Protein chains: 2
Amino acid sequence: MMAKMTIKDMARLAGVSVSTVSLVLSNHGYVSAKTRRRVERIIAKHNYHPRQSARNLVSGRTGNMGFIISDIHLSGTEFFYSRVLLGAELEARKKDYYLLVTTVGDTFQPPQDAPRFLKGGDVDGVIIAGSVPEELVSYIHPLNIPYVLVDYKHPSIDSNLVQIENHDGACQAVEHLLRHGYRRIAFVGGSCRHASIRERFRGYQSALHQAGLSEVAQDDSLHFLVPEETTALIGARGINTLLDRAVQFDAVVCANDTTALGCLNALQERGLDVPGDMAVIGFDDIRYATETKPLLTTVHVPKLELGVQAVRLLFECLENPGGGLYHRSIGTELMVRESTSRVLAETGAAV
Amino acid sequence: MMAKMTIKDMARLAGVSVSTVSLVLSNHGYVSAKTRRRVERIIAKHNYHPRQSARNLVSGRTGNMGFIISDIHLSGTEFFYSRVLLGAELEARKKDYYLLVTTVGDTFQPPQDAPRFLKGGDVDGVIIAGSVPEELVSYIHPLNIPYVLVDYKHPSIDSNLVQIENHDGACQAVEHLLRHGYRRIAFVGGSCRHASIRERFRGYQSALHQAGLSEVAQDDSLHFLVPEETTALIGARGINTLLDRAVQFDAVVCANDTTALGCLNALQERGLDVPGDMAVIGFDDIRYATETKPLLTTVHVPKLELGVQAVRLLFECLENPGGGLYHRSIGTELMVRESTSRVLAETGAAV
DNA sequence: CTTTTATATCGAAGCGTTTCGATACCCTGT
DNA sequence: ACAGGGTATCGAAACGCTTCGATATAAAAG
């Protein structure tokens, strides 16, 4: 169609200088109301938009932020990080930033596998969502580019962090079960190398301690923890393992919802009723939690909010360079649904 | 740390002109082996990388492609489009392109809701994954910017397309069921406004026709189709509706795996055995298909490949402007697992 | 009525690249 | 010995924008 309009064209058409048009655009210096109107009309009429690359060139910033996620997390396990991405996008959009999304595999060779935007300096900051190879963090850290980790933590490097209150969430879960009369509470989960999962397990333990049930908290025959990525299969295997051990338990806290789904299936298959014979509680509140039978009681994690806060935090780093590290904790909320309502069910029956 | 290195610094350090460094970088004109080596050493030593915005400014291109996906698809339903995104990213990376990811809601008001990168001309092309508001396509189409639709089609506007061979896939599914002796085959699905789902339904019908079972293909009491987005709940509702109609059927083809999961759950709850009493077959081959009990037989859709092809197609458009429209069809593959293996099960029992 | 001060506009430099001639060299072939 | 062509290098313009003075006018202050 027509050639690309530039700021020069706008200036010519409006009968003013290029600088004036720029001032109108940026709302910076002095421009008379009359001139401003005229320029704005011309701009609107020709649907002119400044070229970002030109702006970037002079401003030195890029207007981009990198979003790194492991390929497994993006598309392999659950919707969790997609929602974090969505939240980040929405927030970045507000500040007119673009998200450059890239993925990393589970191995990471420093120079080759590094996202291009890091080498090229094409981003002003980076968000890393979920667990990634440690080497990635070690690589980025000395790069002197602001970055924030979401739901992940490097074992030795201190970074900007947006975290879930996993400990507290797991406590809520256990306390809920205790309130409903469950006492022998098991824990099932995969991915125990992930800090979040470990925190959940600790939260589970400390809530039991608090309640004077230390023998349950300590009883490893009630705990199924494996290093593999969490899948429904892991959950099923966990439940079956515990049941085959012939230990007594009447409830199970799962490391996340995916695991819980596996538990639900396995229990159903073995003819056990949930929540009649056994309560099941998840963590994350992914969508399937509301599509199971029975509906899954779980600890809701505000995933969008994680993304939003990550972006906000990153902006704070940008505006305040050398301002130390920030940590942000995002609270959880217990969603009571059907998989734990033994008491409610009984009450219901009594009515 | 140290200030940003520029091409000038490299030139100075290597004792050559800026243009020579540029020539080395781009591998274009004549550079003596000796000079090239020297320049390359300096570049490597200082870890210099050309600023993308400067390059873009002069080249006129942006090095970005837009990736638009509805927020529902990104994080609401299934992993399907996340994998398309992943495939697209991997392919774009090969050509040194960045993906600018953005989402659209289910309503779309032309100027305000339009992705910024479209207005600002910050992308060289656009990929649209999954169904989006029609207005989005109407908006982009006249913009004179190459775009390709993945697994979606505007009702009246002709676009570059990457499509799934839905019709064929559904035929494969039905033929598989027929081979295994199933005859009264139902169809359950949501989102029937989506072209892909409709094609699957048509494929289902035409395979039945081929087999001389037109009365099944035409019998609407065997078909459950609703306009809502597909969820497991829809699948459960579908199965229950059909069963409550008291029509005879021994197999069900689902519009996608999510629906199939709902069917599986509902059937189990009603005490029906799969595949003993009823075969269930899905479409898409999402990860949960391999985590159900029984494992779900389904039509595999190569999701990564959809993304890869979309990017390739977009590049063809870029290299060949005004070269007409391209259509690409991606084939499917039947994954026979447990939910349809009545014959195999019988055989197994007989052994 | 002159001196400040605030307001309005503009020209030009500069951001970091690529690319288009221009220049200079060294061979070859005649 | 000289035209011509391949090789090697460079200077300068251009890409589209922001921003820093400079200049000019009008309003406020002395």
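All figures in this text were calculated on a predicted structure; none of them were measured in a lab. What's counted below: heavy atoms across the whole structure, side chains too, no hydrogens, waters or symmetry copies. Naming: A, B, ... by sequence-line order, numbering from 1 per chain.
Recorded end-axis angle for the helix from C:dC1-D:dG30 to C:dT30-D:dA1 stands at 50°, based on five pairs per end and rounded to 10 degrees.
Using a 4.0 Å cut-off between a side-chain N of Lys or Arg and a carboxylate O of Asp or Glu, A:K45 and A:E40 do not qualify as a salt bridge. In this structure, A:E89 pairs ionically with B:R116, as a charged nitrogen and a carboxylate oxygen lie closer than 4.0 Å.
Judged by the 6.0 Å distance and 45° axis criteria, A:K303 is not positioned over the aromatic ring of A:Y81.
For B:K119, the NZ atom sits in a packed shell: over 12 heavy atoms of surrounding residues, nucleotides or ligands are nearer than 6.0 Å.
Between A:Y98 and B:Y98, a ring centre-to-centre spacing not shorter than 6.0 Å is recorded.
Residues B:Y147 and B:H141 have side chains that bring a donor and an acceptor to within less than 3.5 angstrom of each other. Of the N and O atoms on the side chains of A:S19 and A:S22, not one donor lies less than 3.5 Å from an acceptor on the other residue. Side chains of A:T62 and A:N56: no donor on one and acceptor on the other come within 3.5 Å. Checked by atom type, the side-chain pair B:Y97/B:D124 shows a donor-acceptor distance below 3.5 Å.
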Distances for protein N or O near nucleotides 15-19 of chain C N or O, under 3.5 Å:
from, atom 1, to, atom 2, distance (Å)
C:dT17, OP1, B:Y48, OH, 2.8
C:dT17, OP1, B:R51, N, 3.0
C:dT17, OP2, B:I7, N, 2.6
C:dT17, OP2, B:Y48, OH, 3.2
C:dT17, O5', B:Y48, OH, 3.2
C:dT18, OP1, B:R55, NE, 2.8
C:dT18, OP1, B:R55, NH2, 3.0
C:dT18, OP2, B:S22, OG, 2.7

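Chain B approaches DNA chain D within less than 4.0 angstrom (heavy atoms of the protein), and the contacting nucleotides run 5' to 3' from D:dT7 to D:dG16.
Taking A:E91 as the reference, A:K94, A:R312 meet the salt bridge (Lys or Arg N to Asp or Glu O under 4.0 Å) condition, with sequence neighbours excluded. Applying the salt bridge (Lys or Arg N to Asp or Glu O under 4.0 Å) rule to A:R41 yields no partners; only residues at least two apart in sequence or on another chain are considered.
Atom CG of A:L25 is separated from atom CE of A:M10 by 10.0 Å, given to the nearest 0.5 angstrom.
Taking a 4.0 Å limit (strictly below) on heavy-atom distances, residues 30-42 of chain B does not reach DNA chain C anywhere.
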